[in-house]
Trainee: 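Sharing a structure, written as structure tokens. Questions coming.
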Amino acid sequence: MTVEDATHEFIAEAVVAAEEGSALFGIELHDTLYTSKQERGVQIGDCESDVAPLPGGEGMQEFDAELSLFCFARIAGEDKSDRKAARNKARELMLAVAALFFDNTTMGGRVNDVLVRRCVRGYTDQGGDVFALAIVPLVVNGTGQLLDDER
């Protein structure tokens, strides 16, 4: 399974389980960046990774996979004056999505581990529709040094 598919499945389970009032409740979830955004949701970005054989000839795996999640919220109104409210919605979604990976660092056993990196906020235009954007960068199956208690 690709890192993108594992991430999509993991977030989709959380969206389905989200209760009303949760930041994840009723959001759009797009498996690529190439799906049109509507109101509020998450898009799974493209992935860049190293590949290497597993020990014992057990196949190949992706390592140090870098993938970004794009949390978005439409800026309402003709004059686009609601930027702050949309930015706050995107931030709320960013925090909820990041929390999923802090709470379950293996995505339910789909990967070895996940590290959430520095998040970035801004705005984007999609064909005249303006969105607040909060980006959650991930490193999946990192090969960094393990802490002593993790060995």
Trainee: Tell me every residue that passes ring-ring contact (aromatic ring centres under 6.0 Å, His included) with His8, counting only those two or more places apart in sequence or in another chain.
Mentor: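 None.
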Trainee: Checking Asp64 side chain against Thr143 main chain: does a donor-acceptor pair fall under 3.5 Å?
Mentor: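 Between the backbone of Thr143 and the side chain of Asp64 there is a qualifying donor-acceptor contact (under 3.5 Å).
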Trainee: Between Cys71 and Val97, what is the shortest heavy-atom contact and its length?
Mentor: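 Looks like SG-CG2, 4.2 Å.
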Trainee: Tell me, which pairs form a side chain to side chain donor-acceptor pair (under 3.5 Å) where one or both residues lie in residues 11-23, sequence neighbours left out?
Mentor: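 For residues 11-23: Glu13-Arg110.
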Trainee: Taking it one step at a time, do Phe63 and Leu54 satisfy side-chain contact (heavy atoms from CB on, under 4.5 Å)?
Mentor: CA-CA 10 Å; Phe63 294 97; Leu54 293 168; 4.0 Å; yes
Trainee: Might you work through the side-chain contact (heavy atoms from CB on, under 4.5 Å) test for Phe70 and Val42, ending with a clear yes or no?
Mentor: CA-CA 5 Å; Phe70 296 83; Val42 177; over 6 Å; no
Trainee: For a quick test of reading the model, state the closest non-hydrogen atom pair linking Tyr123 to Arg87 and the distance between them.
Mentor: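 Answer, listing the atom of Tyr123 first, then Arg87: OH-CB, 3.6 Å.
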Trainee: Decide whether Val130 and Leu93 are clustered together by the hydrophobic rule: side chain heavy atoms of Ile, Leu, Val, Met, Phe, Trp, Tyr closer than 4.5 Å, transitively.
Mentor: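 Not linked; separate clusters.
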Trainee: Please collect all salt bridge (Lys or Arg N to Asp or Glu O under 4.0 Å) contacts where either partner lies in residues 28-51, sequence neighbours excluded, each pair once.
Mentor: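 Of all non-adjacent pairs touching residues 28-51, those that pass salt bridge (Lys or Arg N to Asp or Glu O under 4.0 Å) are Glu39-Arg74.
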Trainee: State which residue, out of Val114, Val111, Ile44, Val3, fulfils the side chain to side chain contact (heavy atoms under 4.5 Å, CB included) condition with Leu138.
Mentor: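 The passing option is Val114.
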Trainee: Quick one: closest heavy-atom pair of His30 and Ser36, and the distance?
Mentor: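 Result for this residue pair: CE1-O, 3.5 Å.
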Trainee: Step by step, would you call Val140 with Asp113 a side-chain contact (heavy atoms from CB on, under 4.5 Å)?
Mentor: CA-CA 6 Å; Val140 180; Asp113 63 3; 5.9 Å; no
Trainee: Would you check if Ser49 and Glu66 make a side-chain contact, meaning some heavy-atom pair closer than 4.5 Å?
Mentor: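 In short, these two side chains do not touch, never coming nearer than 4.5 Å.
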Trainee: Find the distance between CG (Leu100) and CG (Leu95) and round it off to the nearest 0.5 Å.
Mentor: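 If I round to the nearest 0.5 Å, the distance is 11.0 Å.
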Trainee: Report the residues that fulfil side-chain contact (heavy atoms from CB on, under 4.5 Å) with Ala86, sequence neighbours left out, ordered by chain and then residue number.
Mentor: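 In terms of side-chain contact (heavy atoms from CB on, under 4.5 Å), with neighbours along the sequence ignored, Ala86 is linked to Ala73, Ile75, Ala132.
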Trainee: Which atom pair, heavy atoms only, marks the closest approach of Gly41 to Ile27?
Mentor: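 What the structure gives for the nearest pair is CA-CB, 3.9 Å.
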Trainee: Grouping I, L, V, M, F, W and Y whenever their side-chain heavy atoms are under 4.5 Å apart, do Phe72 and Leu33 come out in a common cluster?
Mentor: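 Linked, Phe72 and Leu33 end up in one cluster.
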Trainee: Roughly how far, to the nearest 0.5 Å, is the CG atom of Asn88 from the NZ atom of Lys84?
Mentor: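 Going from the NZ atom of Lys84 to the CG atom of Asn88 covers 6.5 Å.
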Trainee: Atom CD1 in Ile11, atom CD in Gln43: separation rounded to 0.5 Å?
Mentor: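 Spacing of CD1 (Ile11) from CD (Gln43) equals 11.5 Å.
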Trainee: Is it true that a side-chain atom of Asp82 and a backbone atom of Ala76 form a donor plus acceptor pair closer than 3.5 Å?
Mentor: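 Answer holds: no.
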Trainee: Kindly give the heavy-atom pair with the smallest separation between Thr7 and Met107, and that separation in Å.
Mentor: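 Minimum heavy-atom contact is OG1-CE, 3.4 Å.
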Trainee: Could you report the tightest heavy-atom contact between Leu67 and Cys47, atom names first, then the distance?
Mentor: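 Reported closest heavy-atom pair: CD1-CB, 4.1 Å.
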Trainee: Flag yes if Val16 and Leu69 sit in one hydrophobic cluster, no otherwise; membership is Ile, Leu, Val, Met, Phe, Trp, Tyr, and two members link when side-chain heavy atoms are under 4.5 Å apart.
Mentor: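 Different hydrophobic clusters.
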Trainee: Can you sort out the partners of Arg117 under side-chain contact (heavy atoms from CB on, under 4.5 Å), two or more places apart, ordered by chain and number?
Mentor: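 Only Leu115, Pro137, Val139 meet the side-chain contact (heavy atoms from CB on, under 4.5 Å) criterion with Arg117.
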Trainee: Quick check: does any side chain N or O of Asn141 sit under 3.5 Å from a backbone N or O of Asn112, one acting as donor and the other as acceptor?
Mentor: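 Present.
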Trainee: For Phe10, enumerate each residue passing the ring-ring contact (aromatic ring centres under 6.0 Å, His included) test, keeping only those at least two apart in sequence or located in another chain.
Mentor: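 If we apply the ring-ring contact (aromatic ring centres under 6.0 Å, His included) test to Phe10, skipping adjacent residues, the hits are Phe101.
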